[in-house]
Amino acid sequence: MSDADLDAYRARARSWLEANLEPVGSPRPRATDVDPGFLAEERRRQRELCSAGYAGIAWPSTYGGQGLSSRHERVFNEEAEGFRTPDFGVLGQTTFGICVPTMLAHGSPELLARHVPHVVAGNSLWVQLFSEPDAGSDLAGVRTRATRSGDRWTVSGSKIWSSGAYFADHGLCLARTSWDVPKHRGLTWFAVPMDAPGVTIRRLRQITGASEFCQVFLDGVELTDADVVGEVDAGWSVARTMLATERGGGSRGAADAAHPADALAPDLVALADGVGRRDDPQVRDLVARAHVADVVMAELRSRVIALSRAGVADPGSLAAYVKLAHGTVTPERARIGLQIAGAAALSWPEGSAAEAATAHAFLAGRSQSIAGGTNEMMRNVIGERLLGLPREHSVDTDVPFAEVIRRTGATPAPGQGPSGECAR
Amino acid sequence: MSDADLDAYRARARSWLEANLEPVGSPRPRATDVDPGFLAEERRRQRELCSAGYAGIAWPSTYGGQGLSSRHERVFNEEAEGFRTPDFGVLGQTTFGICVPTMLAHGSPELLARHVPHVVAGNSLWVQLFSEPDAGSDLAGVRTRATRSGDRWTVSGSKIWSSGAYFADHGLCLARTSWDVPKHRGLTWFAVPMDAPGVTIRRLRQITGASEFCQVFLDGVELTDADVVGEVDAGWSVARTMLATERGGGSRGAADAAHPADALAPDLVALADGVGRRDDPQVRDLVARAHVADVVMAELRSRVIALSRAGVADPGSLAAYVKLAHGTVTPERARIGLQIAGAAALSWPEGSAAEAATAHAFLAGRSQSIAGGTNEMMRNVIGERLLGLPREHSVDTDVPFAEVIRRTGATPAPGQGPSGECAR
Amino acid sequence: MTYALPCPPERALLAEAASRFARDHSPVEALRTSDVGAPAPGGYHRAAGELGWFAMLVPAELGGGSVSESPLADVVAIAVERGANLQPGPFTAMNVVAESLGLAGSALQREEVLPALVEGRRTATWAVTDGCGRWAPGAAVSYAVDGDAFVLDGFAVLVEEAATADWVLVQAGSPSGVTIFVVPTATPGLEVAPREGLDVTRRFGAVRFTGVRVGRSAVVGEPGRGGELAVHQLCVAAVLTAADAVGAMTRDFGTTLEYARTRVAFGRPIGSFQAVKHLLADTSLALEACQAILAAAADAYGTPGFTRYVAVAKAYIGDAAITLGQNCLQVLGGIGYTWEHEHHLYMRRMTADAFLFGDPGAQRASLWPAYGLGEVA
Amino acid sequence: MTYALPCPPERALLAEAASRFARDHSPVEALRTSDVGAPAPGGYHRAAGELGWFAMLVPAELGGGSVSESPLADVVAIAVERGANLQPGPFTAMNVVAESLGLAGSALQREEVLPALVEGRRTATWAVTDGCGRWAPGAAVSYAVDGDAFVLDGFAVLVEEAATADWVLVQAGSPSGVTIFVVPTATPGLEVAPREGLDVTRRFGAVRFTGVRVGRSAVVGEPGRGGELAVHQLCVAAVLTAADAVGAMTRDFGTTLEYARTRVAFGRPIGSFQAVKHLLADTSLALEACQAILAAAADAYGTPGFTRYVAVAKAYIGDAAITLGQNCLQVLGGIGYTWEHEHHLYMRRMTADAFLFGDPGAQRASLWPAYGLGEVA
């Protein structure tokens, strides 16, 4: 494909966008509480993209995509930046950025043919059903049980931190299919219709007051062999693809917003102005520290992407640098906001979202150092897979999982009701 | 003993001090390079204290001490603060603060009668012979070998970080006496004359340029049963006493200097003045941070001493709080000095000790986080012995030490010449 | 989890009673369902008054009395239990007002206001922070003299229980100096607005003074001469706020430590991993250091070094409180990120305490003049 | 240890040659026995000149020429190898002077000075830091006009190889502006004094100017109009110094990592303990971030964003360098505390680099005006 082709593609995309989509000034915040009316409207927007041939741009045409290159997708995203494209809230990223790419890498042609075209057309949004109350950092320790009988499977257990489950159409669910082998070797992924009998969803209220996360209970959910994603008992390799995608090694949906080097931490400068502290040298230093971190993090991400492309190391492991950088810088930046605002961040007029923003950023700051792999897990990845430091003695990787459970005194999870304990 | 007794003691001590010792204005820095002439003079000062009955104040009179209480000792030290008392450099603390207290707790009456009176009289200075090239943080992993034959012992191996060994009279030396039991159970302490045949001392140059630390080689040093300190093969309990004393739980020699709350970090204020940055708000914040740390650390130490006296937990473990506080605050404070001085700390006129001080403090700062137990070891002590967190799986505590050595591929140390590798 | 040093037995009893009272009258569980903090339950302050919560800094001859030689250490012992149990109510303000009236109140104030506060029959709050969060005397409210009256104008935020308190303490500024007022909240021109905030365990409002006229009877001490008392009030409030934080820190750390001991991942308790163990060890060290400097500041009450010790303590504890909240959240992981786990309530409370009555940066800046090294040129 | 991104093959060759040259001509081992840094060995600069060390920022028509489209990235590649191998000599100053003469030098300077520098036949240093360590143009040395002559007075420290350089670059201040001079060190009134210092891998001296008279021939560009060039010179020097630090960091980290992999304690390699592993992971992250921002700053050479990128890079790398030195020492433990282990040489070098040509605080402060947000009122 020549650059001229890409330029032509860009020009076509631009005229279609101008003719069909509503322009938006600055990036609008992602929807955080999605109701049915909003969702119907966003599905309509996705159908419109789909009809025009601008959905699933880099996905195979066999499955409803356009079969073009990722460079085409990037070009379209760049052009689309100023326009109102579909907003599926948190499920936008999990569906288009995580679940479908993972399925494309591991799913059977039948499975893909059955599901991907619906995603492209805006009829199917996907949630990850991965973590469990007793399997947080220890993701391979899932206890959701899938039992086979002929070509039927029965799945029982509970999943947690499933962002956006309450408005998802399908879930990509990890379950244990063998208990007599070490934990990484008895896992299988399933595609689960979220309206299947036996699926119950409970929204979890978060520290910030929002309820994007859900706990999902599976109680004897009936599936078939056709719903298996990848190979039975080989789910951990699928999981690794998913984690690498999630942690920043994979493709991104929309292009990034403006480069942080373009302006000096504008949010914090505005905050300093708001409390009349722009000329305070310590405030200026804090703002500059945040800016330095922002710019360096952007450059680090570019470097990691380039290193991944150059093949110097496993991209999934390299992504740990980006994830850990976010996980350390984000809380520090949130604390800087608090330091600048001072007591002004503690109290605001009722309903004033703008004045509440600093406090909310502080409360939310540490989610980056926990969700999707804690800082500690990322440090292990960097230390062991990139720096070649020896692993610690493990007490649970070479032992049948049933034995691990017996030793640690816990009981297998199936059948737990909606009062299950929360988890790391 | 009544307070009146103590007051009378104080009065007597004060008149003796005024009549016999030279007053000194401010606390003089400890001698760091001790030569024979200096040493002879200091020994004379100690003999003078001894003749007057002011040496070994709280040690038993059987062994040449005064048999008084530690309160008497504290009173004398308070009164003696303004006078020129003996200065044995680093061996002052190891002899009077660590080695003799440890021996008093574990040594046989014969051993004590043979050694302690010479210490009181200024004729014997002691060095710790504890760490080894292959036993740093893992102190129980010493490989110096002591072999018994009748009532004779032959000791071979090498010791490192033995501060002041080059002018010590005796060493308190830990050696392995049994190789077929786990590492903590085959250790024994010996009193070693530093002029014994087979003892070689090599001064190690440190990062700061000074050479206080030594490596000590023991090559077939002959000792007898009378030189054993404590029980054979039970040396680890002696070691724990010694570590607790060393890490701040035990008695201190002289009273502390002025309380840090009395002045705002005077060294850093002077430094800020020197580079004309006293009015820089960021410099003021850095100085204030150092001051806050100084005052809090002093209060923490008082609290830990009080907690130890109250018996709420093992004093040796509680001392880890003080050690870790020093090990984290000292490097941070050294960095603050560097930040205040800026480029002015990088370069100074030849021979200007005052201008070199900031750089030297920076270079030396991390010794506090390594020597006498690293920060990491202190965090383990706090986590496991005080907070009750589970220990990690250990690969070497339940296995004969000879087996550990075999597994890790190293060879036992005896007979290594003075080219031995340095160690953590 | 932290160690307890021996203390006078009366103070230990006082703390124990405070702890029991808190659990009985306003348990932490009650806060889990609320977004904006709950009012103190009926009779709360009256019962607290009976336990001596507002009496310690008031001389015995005025109806008060401490249980030990070190009255501020007694109040601190209560404040620690309040923080540990996320208690409601303007405890700090009531103690500060009670102490101030004992020190400088008029006969009338000592008769009408003081006993009501000491006994917990009525409550007081204070309005001292301006909209940008500055705590300096006179920053929020100014006053002018009009004949026999004083006219107050200004706007203050972070006024605890603004809507329910009977009196409000004001450190008002004027060109001729600072005057301390204790003003009935029912005075015309004084308007209260509820606010939302980070700390949902307490209720902070805003108070606007629009030409609020008060008489000489509202003045504590001499008009225009309140500067020294104002500084002392801020010091006492800072110590009690630091104590509240230390109580909250102790409880939050204890919960987290227990979680680390019992939560299993990779086949072993997470607290056996050095990453978790060492983070908790560092946090424990900071907490012990907080206990040490808090005690030192309380013991310095009434000595010339009080101001300096308070600044050191509030600076250190403020930073340590924010860090402790972050560290505990990191160990708790996802569960600590949920609303239903109590951690976030403690994190909100500790963080608010770090800023109330002077944040760490402001406290550090105050040390230079406190040591006679002058303001920035 | 850090990852290498693909780069133009000519630059890779340049770096490889620099690395080999360094190991052959001035190996790190030679420094172990010295307290005050060694002079560059005889013929060092000449040989380095043949490798193109001083030519990259000079146009081809003046005898220079870079190996890629991004000349500063080429010099950076050399500077990284120099830092990794603790090389001597005023490399930064020579490149800055050479570039400046290419940009603004007189015909005479381009004929007499520039080729000598590019070929490494002669050397140049610069005198820009005042006794308090400020790097602002005009801080250290001022000048007055006396007829046709310029008279320089002042005192500068941190002048690398002051005693051996042939010329010295001076950014001299006057009420009418900054003038850039390149002055022969043999000029009367110019006195050099040796200094001791933190960084024993390089030799820094002090230079005193006492009524040093120079003619128009010493001026680079127009008298009084040197402000812009002076800022550019400081930016280039900052990037090269940051690159030196990154080289030193990479080598020190690699040594430490290898130690953590092989050193056994408690029956296992210390790098298998999370306390060590995670510290090294954090350090590795910082080092990768340094590589990223260093490359971005070098690539911004010649673009309007250069100044900003340089400030960000120098601020970040400076802090990271000091922290990396501390972290490596913590992992190395006692052995890293000895003079005979090379770690301290790297720690000294990196720390000096953190301050040379603007420490992190000064770089951060410069960002506000760099983004048009003005000086503090």
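Predicted model only: the values in this text are computed from it and were never measured. A note on names: the letters A, B, ... follow the listed sequences, proteins ahead of strands, and every chain is numbered from 1.
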With chain D, which of S352(B), A345(B), G274(B), G342(B) has the greatest number of heavy-atom pairs at distances under 4.5 Å? G342(B)
Largest heavy-atom contact set with chain B, pairs under 4.5 Å, which of A354(D), A275(D), P194(D): P194(D)
Under 4.0 Å between a side-chain nitrogen and a carboxylate oxygen: does that hold for R208(D) and E191(D)? no
Heavy-atom pairs under 4.5 Å with chain D - which of Q206(B), R379(B), R277(B), R366(B) has more of them than the others? R366(B)
Could you tell me how the ring of W339(D) sits relative to the ring of H344(D): parallel (under 30°), tilted (30 to 60°) or perpendicular (over 60°)? tilted
Partners meeting side chain to side chain contact (heavy atoms under 4.5 Å, CB included) with D319(D) (sequence neighbours left out): R289(A), R335(B), P360(D), R364(D)
Bottom line for A364(B): the part with an atom under 4.5 Å from chain D's heavy atoms is both
Side chain / backbone / both / neither for N375(B) at chain D, heavy atoms under 4.5 Å: both
Contact class of R348(D) relative to chain B, heavy atoms under 4.5 angstrom: side chain
Where does T262(D) contact chain B at under 4.5 Å (heavy atoms): side chain, backbone, both or neither? neither
Which one of T129(D), T351(D), D359(D) has the most heavy-atom pairs closer than 4.5 Å to chain B? T351(D)
Most contact-rich option vs chain B, by heavy-atom pairs under 4.5 angstrom, among Y337(D), F204(D), F355(D), W135(D), is Y337(D)
Students often mix this up, so state it plainly: with edges at 30° and 60°, are the rings of W236(B) and F130(B) parallel, tilted or perpendicular? perpendicular
With under 30° as parallel and over 60° as perpendicular, where do the rings of F213(B) and W161(B) fit, or are they tilted in between? perpendicular
Compile the donor-acceptor pairs under 3.5 Å between side chains in residues 264-273 of chain D and protein atoms, sequence neighbours left out, one pair per line.
{"unit_1": "R268(D)", "atom_1": "NE", "unit_2": "S272(D)", "atom_2": "OG", "d": "2.9"}
{"unit_1": "R268(D)", "atom_1": "NH2", "unit_2": "E392(A)", "atom_2": "OE2", "d": "3.2"}
{"unit_1": "R268(D)", "atom_1": "NH2", "unit_2": "S272(D)", "atom_2": "O", "d": "3.2"}
{"unit_1": "S272(D)", "atom_1": "OG", "unit_2": "P269(D)", "atom_2": "O", "d": "2.7"}

What part of A193(D) is in contact with chain B, defined as an atom under 4.5 angstrom from a non-hydrogen atom: side chain, backbone, both or neither? neither
